[in-house]
Amino acid sequence: MNIFLRSRSYIRQSLALAVVLVALASGVAWSMGSRVPVVGTAVEDFQLVDLSGKMQSLSQYRGKIVLLNFWATWCKPCTTEMPAMQTIYDKLRDKGFVVLAVNELEDDAKVREHIKQYGHTFPVLMDRDNKVANQFGVFGLPVSVFIDQEGRVQEYIKGGLLTEQKIDETVARIQKQDPVKAAVPR
């Protein structure tokens with residue numbers, strides 16, 4: 001009887017391990033981000049719903065410089081950098097610059113209230129299943145990705161606080177088409 005119970009336990013453990021290995025092999029790593037996009041590479045298009053329920057895609061902003069910012073209302077560094085994003089958005093939106101704030105996994109009403117409270121006017125997209133965050137290798141917040149007019153990654157910033165100066169300088173560099181540079185960890 002004792003051998004029978006040990007054998008059943010061993011079979012259960014083996015099956016559980018097999019399920020985990022199959023999930024990992026198939027790329028299903030429980031909301032873990034995929035690889036960080038390489039600076040200079042083209043970005044795969046995506047579609048997300050904005051706070052007004054309208055479907056938006058990254059490709060509709062082709063020809064503009066895009067600051068793709070992954071954030072959440074509970075993330076203090078995220079909400080701290082948003083006023084700088086708003087200021088530069090106001091300054092440059094008529095000059096081919098857009099901010100797309102991608103909220104991760106939060107309730108629409110909570111996000112809508114936050115955006116209204118702080119008076120942000122840039123588009124806010126809802127990543128309800130974390131698919132786009134995973135596409136961009138997001139693990140931890142905030143993450144900002146600067147994408148050029150042709151849809152290529154020009155800078156990837158993980159964790160660092162965006163300032164008006166940093167955003168302005170990065171956009172100016174992209175507009176001048178200076179050679180791309182890899183982000184330096186902070």
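Nearest heavy atom pair, residue L161 against residue P77, reads CD1-O, 3.5 Å. Taking each heavy atom of V99 and Y89 in turn, the nearest pair found is N-CD1, 3.8 Å. Scanning all heavy atoms of the two residues, the minimum distance from I167 to L67 falls at CD1-CD2, 4.2 Å. Scanning all heavy atoms of the two residues, the minimum distance from T73 to V111 falls at CG2-CA, 4.3 Å. The shortest heavy-atom contact between G160 and P142 is O-CG, 4.4 Å. Of all heavy-atom pairs spanning A101 and M82, the tightest one is CB-CE, 4.3 Å.
Remark: the backbone N or O of S144 is not paired with any side-chain donor or acceptor of N69 at under 3.5 angstrom. Side-chain N or O atoms of Q86 include one that pairs as donor or acceptor with a backbone N or O of T121 at under 3.5 Å. With hydrogens and angles disregarded, a donor-acceptor distance shorter than 3.5 Å links the side chain of D127 to the backbone of K131.
Between V143 and F136, every side-chain heavy-atom pair lies at or beyond the 4.5 Å cut-off. Two residues are said to be in side-chain contact when any heavy atoms from C-beta on lie closer than 4.5 Å; P37 and V43 fail this criterion. Between V102 and F70 the shortest side-chain heavy-atom distance falls below 4.5 Å. Under the 4.5 Å side-chain criterion, counting only non-hydrogen atoms from C-beta, L100 is in contact with L58. Proximity of E106 to W74: side-chain heavy atoms (C-beta onward) are separated by under 4.5 Å at one or more points. The closest side-chain heavy-atom distance from V66 to F146 is not below 4.5 Å. Side-chain contact between V36 and F139: absent, with no pair of heavy atoms (C-beta onward) separated by less than 4.5 Å. Side-chain atoms of H120 and M85, non-hydrogen and from C-beta on, never get closer than 4.5 Å to each other.
To the nearest 0.5 Å, atoms CG (D107) and CG (L105) are separated by 11.5 Å. Between the CZ atom in R128 and the CG atom in N103 there is a gap of 9.5 Å [rounded to 0.5 Å]. Distance check, rounded to the nearest 0.5 Å: CZ of F97 to CG of D168 gives 9.0 Å. Within the model, atoms CE of M126 and CG of L51 stand 5.5 Å from one another, a figure rounded to the nearest 0.5 Å. In this structure, CD1 on I147 lies 9.5 Å from OG1 on T41, to the nearest 0.5 angstrom. Once rounded to the nearest 0.5 Å, the distance linking OG1 of T79 with CG of L141 reads 11.0 Å.
Under the side chain to side chain contact (heavy atoms under 4.5 Å, CB included) criterion, D50 pairs with S52, K54, Q56, L125, sequence neighbours left out. Remark: R112 pairs with no residue by the side-chain hydrogen bond (donor to acceptor under 3.5 Å, both in side chains) rule, at least two apart or across chains. Looking at residues two or more places apart in sequence or on another chain, you find a side chain to side chain contact (heavy atoms under 4.5 Å, CB included) between Q149 and I65, I174, Q177.
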Full working for side chain to side chain contact (heavy atoms under 4.5 Å, CB included) between Y61 and L68: CA-CA 11 Å; Y61 295 101; L68 191 60; over 6 Å; no
Full working for side chain to side chain contact (heavy atoms under 4.5 Å, CB included) between R173 and T170: CA-CA 5 Å; R173 179 181 54 78; T170 303; 3.9 Å; yes
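Residues K166 and E155 are paired through a salt bridge, judged by an N-O separation under 4.0 Å between the basic side chain and the carboxylate. Here E164 does not pair with K91 in a salt bridge; the nearest charged N to carboxylate O distance is not below 4.0 Å.
The number of heavy atoms from other shown groups lying within 6.0 Å of CD (Q117) is above 12. Other residues, nucleotides and ligands contribute only 12 or fewer heavy atoms inside 6.0 Å of the CD atom of E44.
The aromatic rings of Y118 and H114 sit tilted, their planes meeting at an angle between 30° and 60°.
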